[in-house]
Amino acid sequence: MSKKRILLKLGSNTLTKETNFISRGKIEDIGIQIAALKDDYEFVIVSSGAIAAAKQFVKLESQDQEVFVKQALASIGQPQLMRIYQENFSDLGLLTSQCLLSYSDFEKEQSRINIVNTINVLVKNDYIPIINENDTVATDEIQFGDNDKLAALTAVLLNADLLIIATNTNGIYTKSTINNKTPETIPVVSDLGSLQKEIGDSKSSHGTGGMQSKIEASAIAKEANIETWIVNGLEDHFILKALKNEISFTKIV
């Protein structure tokens with residue numbers, strides 16, 4: 001029986017556990033879950049966190065525009081981030097690989113074919129591709145989106161069975177319960193128009209997306225008949241618990 005393919009998107013807020021540092025414990029938690037599920041699922045990860053990783057080690061002095069500084073930080077932090085993944089995952093018997101993509105790659109047919117072929121070879125050989133935006137040449141996800149759109153486009157390109165977007169809330173809350181400070185999760189939704197009315201415009205402490213970019217990402221996936229789950233990545237074992245319906249999260253079907 002063929003394995004189901006999960007595209008797992010991890011934002012900076014999840015990877016830092018809402019601190020100023022990449023959390024090795026959270027990356028280990030993710031690795032433990034992937035190891036537990038590897039007989040039935042294959043994973044492709046779209047990971048933010050390069051800038052957050054760099055900020056642990058350096059402080060750049062520059063008079064240039066903020067986006068250029070962030071690009072430089074991403075360049076410094078990307079190998080650090082991959083090292084943390086590699087060290088934690090290898091202890092669990094998991095193999096990792098790095099893939100850097102930009103939106104222009106999705107616009108060229110040959111580039112799309114190359115991405116699919118490369119990632120399929122990696123996955124067949126039990127490597128977990130860890131994808132990030134190529135921040136040296138592209139700035140879209142640095143400025144907005146926190147890799148949500150990149151994750152959705154990748155999920156469609158790779159024909160994923162499920163897109164899981166990890167965030168810092170228990171899915172999407174109804175606006176009325178947020179206003180009452182008693183947030184209630186919307187469990188399942190198929191009408192993105194109605195969902196749009198429920199969201200606010202808040203963004204996470206490190207991420208740049210907020211719920212708007214997650215809904216836009218889910219719309220891309222939905223068009224390709226890929227279900228999107230918006231899950232609280234700060235929760236321990238959040239993937240396992242979501243698969244068993246043991247936590248509240250939002251399914252966009």
Side-chain angles (χ1 to χ4, degrees), residues 4-15 17-18 30 33 41 43-48 103 106 131 133 140-235 237-253:
K4 289 191 173 181
R5 179 172 289 182
I6 293 178
L7 194 295
L8 174 63
K9 185 266 170 172
L10 301 167
S12 302
N13 221 46
T14 296
L15 293 173
K17 293 182 75 172
E18 299 190 304
I30 292 160
Q33 296 176 81
Y41 297 91
F43 282 83
V44 176
I45 294 174
V46 170
S47 175
S48 304
Y103 285 118
F106 292 89
I131 298 166
E133 185 186 39
D140 289 353
E141 296 290 10
I142 280 182
Q143 298 184 82
F144 60 89
D146 197 32
N147 281 337
D148 292 327
K149 183 179 177 184
L150 183 68
L153 290 172
T154 305
V156 172
L157 186 63
L158 298 178
N159 197 25
D161 295 287
L162 176 64
L163 169 61
I164 297 179
I165 299 178
T167 185
N168 61 340
T169 63
N170 299 327
I172 300 174
Y173 301 137
T174 61
K175 185 179 283 187
S176 61
T177 61
I178 292 175
N179 293 339
N180 294 335
K181 297 184 178 174
T182 56
E184 289 182 13
T185 301
I186 301 168
V188 183
V189 64
S190 57
D191 179 6
L192 291 178
S194 65
L195 192 60
Q196 190 73 44
K197 297 172 185 174
E198 299 288 351
I199 66 165
D201 58 1
S202 62
K203 295 180 180 177
S204 60
S205 52
H206 289 281
T208 53
M211 278 302 164
Q212 179 61 46
S213 72
K214 289 166 180 55
I215 290 178
E216 290 170 4
S218 68
I220 293 169
K222 183 177 169 63
E223 197 168 322
N225 295 314
I226 298 171
E227 197 167 297
T228 300
W229 293 4
I230 299 177
V231 182
N232 192 337
L234 302 178
E235 178 93 28
H237 305 316
F238 65 95
I239 306 167
L240 292 170
K241 288 177 179 176
L243 288 168
K244 295 176 183 175
N245 274 311
E246 293 178 352
I247 55 173
S248 297
F249 65 99
T250 299
K251 290 183 183 180
I252 300 170
V253 299

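Here the structure is a predicted model, which is why all the values come from computation and not from measurement.
- Taking OG1 of Thr228 as the start and NZ of Lys9 as the end, the distance is 12.0 Å to the nearest 0.5 Å.
- Taking OG1 of Thr154 as the reference point, atom CD1 of Ile131 lies at 5.0 Å (rounded to 0.5 Å).
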Pairs under 3.5 angstrom only: tabulate donor-acceptor contacts from the side chains of residues 243-253 to other protein residues two or more places apart or in another chain.
from	atom 1	to	atom 2	distance (Å)
Thr250	OG1	Ile172	N	2.7
Thr250	OG1	Ile186	O	2.7

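- Side-chain contact between Tyr103 and Lys149 is present, with at least one heavy-atom pair separated by less than 4.5 Å.
- The heavy-atom pair separating Ala217 from Ile165 by the smallest distance is CB-CD1, 4.1 Å.
- The backbone N or O of Glu18 sits nowhere less than 3.5 Å from a side-chain atom of Asn13 that would complete a donor-acceptor pair.
- Applying the ring-ring contact (aromatic ring centres under 6.0 Å, His included) rule to Phe43 yields no partners; only residues at least two apart in sequence or on another chain are considered.
- Within the 4.5 Å cutoff, the side chain of Asp161 has no heavy atoms near those of the Tyr41 side chain.
- With rounding to the nearest 0.5 Å, the separation of OG1 in Thr14 from CG in Leu8 is 9.0 Å.
- With a 4.5 Å cut-off on side-chain heavy atoms, Ile220 and Leu163 do not count as touching.
- Ser194 and Val189 get closest at one heavy-atom pair: OG-CG2, 4.1 Å.
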(message) Please evaluate residues Phe238 and Gln33 with respect to the criterion side-chain contact (heavy atoms from CB on, under 4.5 Å), reporting the C-alpha separation (whole Å), side-chain torsions for both, the decisive distance (0.1 Å), and the verdict.
(response) CA-CA 8 Å; Phe238 65 95; Gln33 296 176 81; 4.0 Å; yes
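- In this structure, Lys222 contributes its side chain and Asp191 its backbone to no donor-acceptor pair below 3.5 Å.
- Of the possible polar contacts, none joining the Glu184 side chain to the Thr177 backbone as a donor-acceptor pair under 3.5 Å is found.
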(request) Take Val156 and Glu223 through the side-chain contact (heavy atoms from CB on, under 4.5 Å) test and state the conclusion after the steps. (result) CA-CA 9 Å; Val156 172; Glu223 197 168 322; over 6 Å; no
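- The CD1 atom of Ile164 sits 5.5 Å away from the CD1 atom of Ile239 when rounded to the nearest 0.5 Å.
- One finds the CD atom of Gln196 at 7.0 Å from the CD atom of Glu216 (value rounded to the nearest 0.5 Å).
- Val231 has its side chain out of reach of Lys241: every pair of non-hydrogen atoms, C-beta onward, lies at least 4.5 Å apart.
- Donor-acceptor pairing under 3.5 Å is recorded for the side chains of Ser48 and Asn147.
- Ser47 meets the side chain to side chain donor-acceptor pair (under 3.5 Å) test with Tyr85; sequence neighbours excluded.
- Among Thr169, Asn170, Asn232, the one residue that satisfies the side chain to side chain contact (heavy atoms under 4.5 Å, CB included) test with Thr185 is Asn170.
- A distance of 12.0 Å separates NZ in Lys181 from CD1 in Ile178, rounded to the nearest 0.5 Å.
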